[in-house]
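Here the structure comes first, spelled out in structure tokens, and everything after it is commentary.
So that the names make sense, note that chain A is the first sequence line, chain B the second, and so on, each numbered from 1.
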Amino acid sequence: MTTIAETAARRRHAGRTRLSAKHREWIAGYLFVLPDALGLLVFLGVPMALSLVLSVFEVNGFGGYSFVGAKNYLRMWNDPLFWKGARVTALYAIMLVPLLYVCGLGLALLVQRTDRFNAVMRSMFFAPHMVSLVVVALVWQFMVVDKIGVISRLTAALDIGGFSFLGDPNFALITIVLVSVWFLMGFYMLIFLGGLQDIPRQYYEAAMIDGAGAIARFWFITLPLLKPTSFFVVMVSMVAAVAGAQAFDIIYVMTKGGPANATSVLIVYIYQQAFGFGAFGYAAAMASILVVALMLVTAVFFALTRGGRFNHEQ
Amino acid sequence: MSDKEKAFPTLTRRGLLKGGAAVAGGIVGLGGFPYINRLAVRAQETPLKFWQFYAPGGPVASQVEWFEKTVADWNDSHPQKIELEFIPNSEYISGPKLATAFASGEGPDIFIISPGDFLRYYNGGVLKDLTPFIDEAAKADFPESVIANRMVDGKIFGIPMEVEPMAMYYSVKAFEEAGLNENDVPKTWEALLEVAKKLTTPERFGVMFETQPGYYQNFTWYPFLWQGGGEFQTPEGKSSFDSPATVQALKFWQDAINSGAAPRQIMGAGGHDTIANLASGYVAMQNVGIWGISQLQSNAKDFQYGVFRLPTPSNGKYVTVGGGWAFVANAKGRNSDAAGEFCAWALASMDQGSVDRVATWCTKGKSDMPPRNSALKAGGGAFSTGMIGKFAEEIHPGTRAEPRVPPEVYKIISDAIQQTQLGGADPQATATSASQQLDAFLSSYQGAPIL
């Protein structure tokens, strides 16, 4: 005899089974993503929206503000330092992203075998990433200081000295890029190591049986199968470079945007306008344009690379 | 403040709390709930915050002691208490700490500012008029040249605690190694560069001027502009930057770099740091202010050094720049009257305690010239002996106050210095271009006079 409670339980059970496995997976997926999505909305989405609102106001930083429409955007258009900042940012990204890619992948290839020596090497290469960026900047600043810095002495001894790493506008940005690469390459090495371990060994064995050399194996197996990882690395490093995520700390400590604005990437100029000059509205307008530029770059790159997905028709 | 700004008052945390407290008080107060009364009393007893970069816990014991004693003396004799809040120098001078605090309506009740930042805060409407707290005799005790850049329309908005003239410091050891002595101290720009070349070695630069962009670099460059008769604006408020004096001052710093005698990069905290640059042996001569004496006394006791006044161009006359910080009160603070009263009590009263306080700061707390005539007298022998005596007798008499400029003007001048000094730009073309930018800005500037 079936009780009423059993019938109800069966109905509830029947109701649950009406959800297909696909739907359950869909719900579970979104539930997993929900905390991060909420965090992004509150701590990223809302400030970005507020920044957009702020960009059409003139804000003096002491409670006074007035609506100015597109004035901040027009000012930006006519501001040579904004364009200088945009050029420096582009240069920084153009130098940083390929260098990071090559160094990160190179290190990963160097230490991909799993033995004790490589484990030590991996830790060594990753170690800089564990240090505070401010400390990194201070140490490097001291190492490249004119005449008495270790690296300055070394270059002088090799007769390639005579220039100032951070005091000469022609070298300051390159120095900042190299310090950034030194700091970041360990992180990207780890990402590439993950990608390399996903490539089935059989491909390499088959290639070796066919007589393929190391370069051919790298070119025809490793590089193509690293496409999703490469996409991720290029994407993340490009966004970081344009947004100036790491560059800001390094530049602020090492050069303060100098000499002669040679290292004044946009994020440094935005910071200077907001906190140095109290021009919060103008800074918000520049930040909004930077976000739009980042979105455009991301979209174009995504379209060109199909998001790093493999083309199965090939 | 415009009507439009008044129409849309800013919602701040403090405002929100006040509003919330008022609503809560209104609701609960109807029932005569005693807890709210206790809250109100407690709010009055909350100490006013005094932000600065000296104490408590600052790096120089004598300065920490002075600030702590000043606040303790006030707290012992006044119902409204004050609390010191230490902000690291890097966060304070060109960092975001003050800017973000005021932007969020949480600015300190009392703080210190330099002339370089005066207009930003005055034009922002947060500086309290301190004139009602200062009697006429005390007002007259401040020389016009010291107080003028803290005044607007005859009212005092900041009380200076010090005057800090710039000079050249040199290492006696470096001079001796180069076969030089105090008779070789240069008096002209040309002589300075010649001596600097002699002092330059593979491991040492001969002379150092600030290289990092910022308010401080502009401050240290002004005397070289003035010595040739240059100014950045006319009395009518138009740019006068495009002048032979500007070009020669820009070129002088550029020549120092191009000759290889001056570094493009400085050590330590910056150009104001004598320990990391001069005492370390990185440079043989350094352009720095009177505070260098207390820096060297505290942290490089055995270092032998000398001081001489800034050399002049062949067509110029001696002048140096005097900076210095001032106490100011937040007009929008919790008890701005008490904050204003404190500033005047501490530094601008004819009471002997106030006079002695200023004298003590300039002789024991920090090595400075006093901003008051009475404090100079009270300091007595301290201002006529040793290095401070040298400053008082030789260097300070040619002091001109640090200009007060809005950030836009500072940036134009800063870029001109950077482009010529380190970017290799042509001084004449740079001066012309900067002058055009200055004119464009000055024609639309609204705010307290630029001095």
Side-chain angles (χ1 to χ4, degrees), chain A residues 54 57-68 78-81 84 134 138 141-142 144-149 152-153 156-157 161-172 175 252-264 268-269 271-280, chain B residues 1-2 4-10 12 15 90 94-100 102-103 105 107 120-121 123-126 200-205 211-215 217 257 260 263-267 270 280-282 332 406-408 410-411 414-415 417-425 437:
Chain A
L54 201 63
F57 282 86
E58 193 166 296
V59 188
N60 71 0
F62 297 100
Y65 58 91
S66 53
F67 180 75
V68 293
N78 295 314
D79 182 355
L81 289 177
K84 166 100 181 175
V134 174
L138 283 172
Q141 189 184 29
F142 193 71
V144 300
V145 73
D146 300 344
K147 289 198 181 200
I148 59 169
S152 298
R153 281 170 186 256
F163 58 86
S164 174
F165 284 96
L166 291 174
D168 189 330
N170 296 315
F171 297 105
T175 307
Y252 199 71
V253 174
M254 293 180 89
T255 63
K256 289 202 163 45
N261 293 315
T263 60
S264 183
V268 169
Y269 189 52
Y271 175 88
Q272 195 177 41
Q273 285 293 331
F275 301 111
F277 303 166
F280 289 94
Chain B
M1 189 182 275
S2 70
K4 201 183 283 180
E5 286 162 5
K6 283 177 189 165
F8 299 97
T10 310
T12 63
S90 56
S94 47
K97 189 78 179 177
L98 270 180
T100 47
F102 277 105
R120 185 171 155 203
Y121 289 93
N123 292 342
V126 295
T200 302
T201 69
E203 293 179 349
R204 183 180 66 210
F205 287 97
T211 61
Q212 287 198 81
Y215 282 101
Q217 185 178 40
I257 294 285
R264 289 173 166 270
Q265 190 189 346
I266 50 178
M267 301 275 283
S280 72
Y282 180 59
K332 296 176 179 173
E408 291 84 352
Y410 138 71
K411 180 66 176 163
S414 172
D415 284 342
I417 297 170
Q418 284 279 307
Q419 280 160 20
T420 47
Q421 182 194 26
L422 302 168
Q437 292 173 52

Distance-minimising heavy-atom pair for A:V145 and B:Y282: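 That closest heavy-atom pairing would be CG2-OH, 3.7 Å.
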Smallest separation among heavy atoms of A:F277 and B:P407, with atom names: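 Minimum heavy-atom contact is CD2-CB, 3.3 Å.
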Short side-chain donor-acceptor distance under 3.5 Å, B:D415 and A:N261: yes
Heavy-atom cut-off 4.5 Å, strictly under: side chain, backbone, both or neither for [X] against chain B?
X      : result
A:L81  : side chain
A:Q272 : side chain
A:F165 : neither

Between A:S164, A:A279, A:A274, A:G257, the one whose heavy-atom pairs under 4.5 Å with chain B are most numerous: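 Most heavy-atom pairs under 4.5 Å with chain B: A:S164.
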Derivation and outcome, side chain to side chain contact (heavy atoms under 4.5 Å, CB included), residues A:F142 and B:M267: CA-CA 8 Å; A:F142 193 71; B:M267 301 275 283; 3.4 Å; yes
Hey, what do you get for [atom1] ([X]) to [atom2] ([Y]), rounding to the nearest 0.5 Å?
X      : Y      : atom1 : atom2 : result
A:N60  : B:F102 : CG    : CZ    : 11.5 Å
A:L166 : B:L422 : CG    : CG    : 11.5 Å
B:Q265 : A:M254 : CD    : CE    : 7.5 Å

Do [X] and [Y] have side chains that get closer than 4.5 Å, going by heavy atoms?
X      : Y      : result
B:N123 : A:F62  : no
A:F275 : B:K97  : no
B:R264 : A:P169 : yes
B:Q418 : A:P259 : yes

Toward chain A, the part of [X] with a non-hydrogen atom under 4.5 Å:
X      : result
B:E203 : both
B:T420 : neither
B:P213 : both
B:Y121 : both

